[in-house]
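Every chain is numbered from 1 and lettered A, B, ... according to where its sequence line falls, protein lines coming before strand lines. All figures in this text were calculated on a predicted structure; none of them were measured in a lab.
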There are 2 protein chains.
Amino acid sequence: MSEDGAAKTDNAGRGVFEPITPSPAYKLVADAIERQIVSGRVRPGDALGTEAELVKQFGVNRSTVREGIRLLEQGGLIRRDSNRKLYAAVPNYDRFADDVSRAFVLNEITFRELWEATMAIEIAVVELAAERISEEFLGKLDENLNKSRSALNKPSKLALLDIEFHTILAKAADNRVLQFAREPENKLFFPTTEMLFRRNAQAPQRNVSAHEAIVDALRKRDKVNAGIWMRRHINDWKKGFELINKSIDQAIDRTYAED
Amino acid sequence: MSEDGAAKTDNAGRGVFEPITPSPAYKLVADAIERQIVSGRVRPGDALGTEAELVKQFGVNRSTVREGIRLLEQGGLIRRDSNRKLYAAVPNYDRFADDVSRAFVLNEITFRELWEATMAIEIAVVELAAERISEEFLGKLDENLNKSRSALNKPSKLALLDIEFHTILAKAADNRVLQFAREPENKLFFPTTEMLFRRNAQAPQRNVSAHEAIVDALRKRDKVNAGIWMRRHINDWKKGFELINKSIDQAIDRTYAED
DNA sequence: ACCAATTTGTCCGTATGTATG
DNA sequence: TCATACATACGGACAAATTGG
């Protein structure tokens, strides 16, 4: 909360000069390339020239160019196809899902925080899906239900199918912002859901039954009941959690951060 | 959609060997450091040794170490204090907000997608806030209201205060997952909100009135009315948008990606 | 299928500016 | 003040992989 750095040359206070903040050359290189891509002057898919060419254009050493490239590489603005040439790229938003999830864990987010967000997001997703789901996605949900019914006694597989179910739903809702917002659920709920299936004999059947009721409501375009069942479904998760564990206010296990 | 690369040495099909995917040394360096931090063997704040030391430990060249460091630098797992030594760090989740917002814009997310997500998130936020808001945050909201009332004819300032209002609310709700999920609203709605205030004479007053009603409900711990007013408030934004613009299904302006 | 040019990955040595004690 | 340590940046070099005949 406190910002108390840079007290050394800051005393002049008023004046006509902007505070000067020197950036290392490799960062300037990265920023320059980034601007070209974000502004659209370099289109995604365009080859970005070889390192030697960039060296000539920027007038810096190749090592410096390479360090700049590494900065962008991590952010997804640069792609390498076959380990070779560099291409400009538009970062896919869910490339950040892993990083965000990991940051959540390292910042000791609680199950409660994740669960509350899940409740809001999943209900919104299912209500939107009720408005606009296509036959194609209804078919995918049916298929998921079939597989789930055959996996009632396979906790790990069923937990994966649970993730798949909600992922299909989010796609059917046709909203990429919500799709991204729910990514941490996928990454962080899984191990707990699996354990929950393993320890609570009724949990698998309840899970599949809720999914069935949701699909049923979606097929009827019944937004209200879809929402009601989703709420029950998410509530069930919490109840199951409290049944086998101490408190939902504990932080998510740090081991979940290790992929 | 088609995956047809790597047909050269792939013909063996079945076998006991894992497909081998060579990683460059600089990436191995980054991964190694990352694992130490994520696993907790290196604690946040710990100095990470000098480049020379890392060179000795990894047995690679200085340039290689530096490239690896750049990869981590962008992800926030590494911090440099005064331009000097490297420290391990826990990435703050909202350091990714800018990247995600930019990715949304570059992927041509529509206002509808953002708005639908906002509706879900803000209602959840205000309902949680109604349960647990402290006097301190109520005071901050009051202060925000006062400033807003004096800024009714300053569109830019009022738009900033609108962001502040919702940010305070999210903090009062005490849920960091929702707090992060709503970050793109801050980044991406602002220019449009400002324009909306500028072009629609009634919009500023409607905005502040809704905020007042929300604070009033929060003070009474009235979850239902807080939710109702928030819904109206978010709906108002869409109505205002449609009043001055063509369609909410258009992509968010690319220029918003340029900070 | 082979060859030559290009390009990346990696390494070495060195110079410079700056922060620390 | 001065010496040391360290990050930044540069130039040159070579091997391996890729590309394009």
Asks: Between N92(A) and R95(A) (side chain of the first, backbone of the second, donor and acceptor by atom type, cut-off under 3.5 Å), is there such a pair?
Replies: no
Asks: Walk me through it: do V177(A) and I109(B) pass the test side chain to side chain contact (heavy atoms under 4.5 Å, CB included)?
Replies: CA-CA 8 Å; V177(A) 178; I109(B) 294 278; 3.8 Å; yes
Asks: Starting at atom CZ of R80(B), determine the distance to atom P of dT18(C), rounded to an integer number of angstrom.
Replies: 16 Å
Asks: Measure the distance from NZ on K56(A) to C1' on dG11(D) and round it to the nearest whole Å.
Replies: 16 Å
Asks: Mind calculating the distance between CD1 (I69(B)) and P (dT10(C)) to the nearest angstrom?
Replies: 15 Å
Asks: Indicate yes or no: does K85(A) engage E53(A) in a salt bridge with an N to O separation below 4.0 Å.
Replies: no
Asks: Identify whether the distance between the nearest side-chain nitrogen and carboxylate oxygen of R43(B) and D46(B) falls below 4.0 Å.
Replies: no
Asks: Nearest whole angstrom, please: distance from the P of dA7(D) to the CD of E67(B).
Replies: 16 Å
Asks: At less than 4.0 Å, is any side-chain N or O atom of R70(A) found next to OP1 or OP2 of dG9(C)? Yes or no.
Replies: yes
Asks: So E51(B), base contact, sugar-phosphate only, or nothing? Heavy-atom distance under 4.0 Å.
Replies: base
Asks: Near DNA chain D, under 4.0 Å by heavy atom, which residues of residues 24-37 of chain A?
Replies: P24(A), A25(A), Y26(A)
Asks: When the ring planes of F180(A) and F104(B) are compared, do they come out parallel, tilted or perpendicular, using 30° and 60° as the limits?
Replies: perpendicular
Asks: Could you check which of dG9(C), dT8(D), dC12(C) has an atom nearest any side-chain atom of S63(B)?
Replies: dC12(C)
Asks: Any donor-acceptor pair, under 3.5 Å, between the side chain of R62(B) and the base of dT10(C), if you only look at N and O atoms?
Replies: no
Asks: To the nearest angstrom, how far is R66(A) atom CZ from dT7(C) atom P?
Replies: 14 Å
Asks: Assuming nearest nucleotide by heavy-atom distance, tell me which of A52(B) and N61(A) is located more 5' along DNA chain D.
Replies: A52(B)
Asks: Does the ring of Y87(B) carry R80(B) above it, NZ/CZ under 6.0 angstrom from centre and within 45° of its axis?
Replies: no
Asks: Under 4.0 Å between a side-chain nitrogen and a carboxylate oxygen: does that hold for E73(A) and R70(A)?
Replies: yes
Asks: Just how far, in rounded Å, is C1' of dT8(C) from CD of E73(A)?
Replies: 12 Å
Asks: Whether T64(A) contacts dC10(D) is assessed here as follows: a side-chain N or O lying under 4.0 Å from the phosphate OP1 or OP2. Is that the case?
Replies: yes
